[in-house]
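One structure is given here, and the rest of the page talks about it.
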Amino acid sequence: MKKHSARVAPLSACNSPVLTLTKVEGEERPRDSPGPAEAQAPAGAEAGGRTSPHCWRCSRAQLKKMFWGVAVVLCVCSSWAGSTQLAKLTFRKFDAPFTLTWFATNWNFLFFPLYYVGHVCKSEEKQSVRQRYRECCRFFGDNGLTLKVFFTKAAPFGVLWTLTNYLYLHAIKKVNTTDVSVLFCCNKAFVFLLSWIVLRDRFMGVRIVAAILAIAGIVMMTYADGFHSHSVIGIALVVGSASMSALYKVLFKLLLGSAKFGEAALFLSILGVFNIFFITCIPVILYFTKVEYWSSFDDIPWGNLCGFSVLLLTFNIVLNFGIAVTYPTLMSVGIVLSVPVNAVVDHYTSKIVFNGVRVIAIIIIGLGFLLLLLPEEWDVWLIKLLTRLKVRKKEETAEGGADLGSGPQSKNRRARPSFAR
């Protein structure tokens with residue numbers, strides 16, 4: 001299986017509005033190399049203009065990967081934007097963001113069962129549930145998932161997951177979904193800054209620029225509504241959610257490293273179990289203290305709650321495991337595309353005003369997000385591309401000069417009469 005490089009997001013933790021905070025690494029097939037196969041395709045052509053079967057297979061594999069990439073982008077975009085809009089709609093009838101967070105997080109329990117179904121359908125070596133579980137538990141160490149490991153390596157991430165989702169959902173009550181979704185994109189900038197400080201990751205000037213753009217966008221977004229207390233609180237909540245998401249990702253890499261698909265699925269299911277056993281008491285307390293109160297269970301919009309949870313579960317599954325069929329960058333693009341989708345919905349369903357300051361803030365935050373998607377070797381690739389173009393231009397200039405030099409001579413030869421018999 002292919003390795004997942006990852007940044008998995010949240011709304012779960014990294015890029016989602018409510019649930020994805022994992023760094024995943026796949027298990028089975030190696031990642032395809034996109035460049036050489038395409039660049040050398042003409043050299044593989046057989047005589048007579050026919051393309052060799054090897055090159056045809058390479059091109060088909062790339063096209064298939066791109067096709068899946070488009071499908072994943074659409075799925076990420078629609079599930080992310082859909083869950084955000086449905087959460088906003090749910091709060092009109094059910095004003096309980098923490099209870100909604102708790103309810104949706106419980107669905108994380110389904111990750112490992114769904115993964116095992118896929119394992120049974122696809123894997124050549126079938127394993128029982130217990131065998132697969134024990135193998136995935138090695139991710140936590142030689143002793144597997146002990147009580148100590150549960151409280152030291154799983155419980156802290158469960159708390160961060162809950163905080164990320166709760167702050168995000170609570171922000172939706174304060175400000176429009178367009179501002180919430182675009183501000184959450186600053187999560188990537190926070191991840192870079194924390195990774196640079198804590199993990200000693202490589203310094204990249206372009207990512208510092210992206211972080212500056214993100215901070216500038218936050219300030220401009222606050223200014224767009226005139227620094228009213230309601231909007232300032234909402235923006236602070238989103239920034240807090242993005243910060244918790246970034247902390248989740250960096251700590252995951254620091255304490256646990258990277259995970260294969262099965263290990264990631266087990267870890268996310270464990271977060272669901274932690275939520276059921278240790279977070280359930282909080283919604284109960286909020287209910288009896290009437291902080292989050294509803295008069296009757298019949299008044300709860302169960303359809304909205306279940307729909308929201310399904311969309312978030314779909315988003316997290318695609319974001320964590322979509323790397324198996326396409327490039328991780330394409331999945332991140334889906335998150336950016338959800339911003340204009342939310343903007344269009346807000347335009348027709350709310351009183352949002354897209355003034356110049358707000359539009360500029362959205363653009364620079366989106367630009368910063370895209371800059372953070374650049375690979376570490378982007379500058380090397382750019383230099384190689386410019387060098388190749390420069391060499392090609394010189395060759396074309398030289399060929400053009402040679403043609404001009406040989407032109408008059410060939411014309412004189414044709415005009416000169418032949419006296420040979």
Side-chain angles (χ1 to χ4, degrees), residues 1-14 16 18-31 68 71-72 75-76 79 83 102-147 149-150 153-155 157-158 161 165 248 252 256-279 306-326 328 331:
M1 256 184 186
K2 182 173 22 174
K3 288 197 173 186
H4 186 61
S5 67
R7 53 206 107 195
V8 178
L11 204 275
S12 46
C14 207
S16 99
V18 181
L19 290 157
T20 316
L21 317 139
T22 325
K23 190 146 180 151
V24 188
E25 195 173 357
E27 315 148 35
E28 277 134 4
R29 52 191 177 87
R31 180 175 298 170
W68 277 109
V72 167
C75 189
V76 169
S79 60
S83 61
W102 169 82
F103 183 81
T105 305
N106 288 340
W107 291 56
N108 277 20
F109 177 77
L110 297 175
F111 266 98
F112 189 75
L114 291 174
Y115 163 78
Y116 182 74
V117 171
H119 164 76
V120 171
C121 296
K122 290 291 184 181
S123 180
E124 296 179 358
E125 297 180 2
K126 304 291 189 296
Q127 292 180 316
S128 65
V129 176
R130 178 174 295 183
Q131 289 175 327
R132 197 64 193 157
Y133 170 79
R134 287 179 177 176
E135 185 173 324
C136 293
C137 279
R138 295 176 188 172
F139 172 65
F140 297 101
D142 296 336
N143 296 327
L145 183 62
T146 62
L147 200 60
V149 169
F150 178 83
K153 292 188 177 182
F157 293 100
W161 181 290
N165 297 337
Y248 175 104
F252 188 96
L256 298 173
S258 58
K260 297 178 180 180
F261 286 140
E263 295 166 349
L266 177 62
F267 183 80
L268 291 169
S269 290
I270 290 172
L271 295 187
V273 172
F274 172 82
N275 186 75
I276 293 171
F277 285 100
F278 296 97
I279 305 296
C306 293
F308 172 78
S309 301
V310 169
L311 285 173
L312 280 183
L313 182 65
T314 302
F315 174 82
N316 289 324
I317 290 174
V318 175
L319 204 61
N320 281 283
F321 306 120
I323 186 64
V325 294
T326 189
M331 295 187 292

Around K126, counting heavy atoms of other residues, nucleotides and ligands shown, do more than 12 lie under 6.0 Å from its NZ? yes
Establish, yes or no, whether a centroid distance under 6.0 Å links the rings of F140 and F150. no
Does a side-chain heavy-atom distance below 4.5 Å link I317 with F111? yes
Search all heavy atoms of W161 against all heavy atoms of N316 and return the closest pair with its distance. CZ2-ND2, 4.2 Å
Check: N320 and F261 side chains under 4.5 Å, non-hydrogen atoms: no
As an exercise, state the distance from SG of C75 to CZ of F315, rounded to the nearest 0.5 Å. 9.5 Å
State, yes or no, whether a side-chain contact exists between V149 and N143 at a heavy-atom distance under 4.5 Å. no
Check whether S269 reaches the backbone of F112 with its side chain - one donor and one acceptor, N or O, closer than 3.5 Å. yes
Test of understanding: with side-chain hydrogen bond (donor to acceptor under 3.5 Å, both in side chains), list the residues that count as partners of W107, not counting sequence neighbours. none
Does a side-chain heavy-atom distance below 4.5 Å link F103 with S309? yes
What are the two closest heavy atoms between L266 and C136, and how far apart are they? CD2-CB, 3.7 Å
Taking side-chain contact (heavy atoms from CB on, under 4.5 Å) as the criterion, tell me which of K260, E263, K153 meets it with F139. E263
Closest non-hydrogen atom pair, G262 against Y115: CA-CZ, 3.3 Å
Within-4.5 Å side-chain heavy-atom neighbours: L268 and L271: yes
d(L313 CG, L110 CG) to nearest 0.5 Å is 6.0 Å
How far does OG of S79 sit from CG of L311, to the nearest 0.5 angstrom? 6.5 Å
Output all residues satisfying ring pair (Phe, Tyr, Trp, His ring centres under 6.0 Å) with Y116, sequence neighbours left out; order by chain, then residue number. H119
Min side-chain heavy-atom separation I270-L145 under 4.5 Å: yes
Any sub-3.5 Å donor-acceptor pair from N275's side-chain atoms to W102's backbone N or O? yes
Can you measure from CG (N106) to CZ (F274) and round to the nearest 0.5 angstrom? 12.0 Å
side-chain contact (heavy atoms from CB on, under 4.5 Å) partners for F109, two or more places apart: V273
Which atoms form the tightest heavy-atom contact between F308 and A104, and what is the distance? CE2-CB, 3.7 Å
Check: F267 ring centroid to F252 ring centroid under 6.0 Å: yes
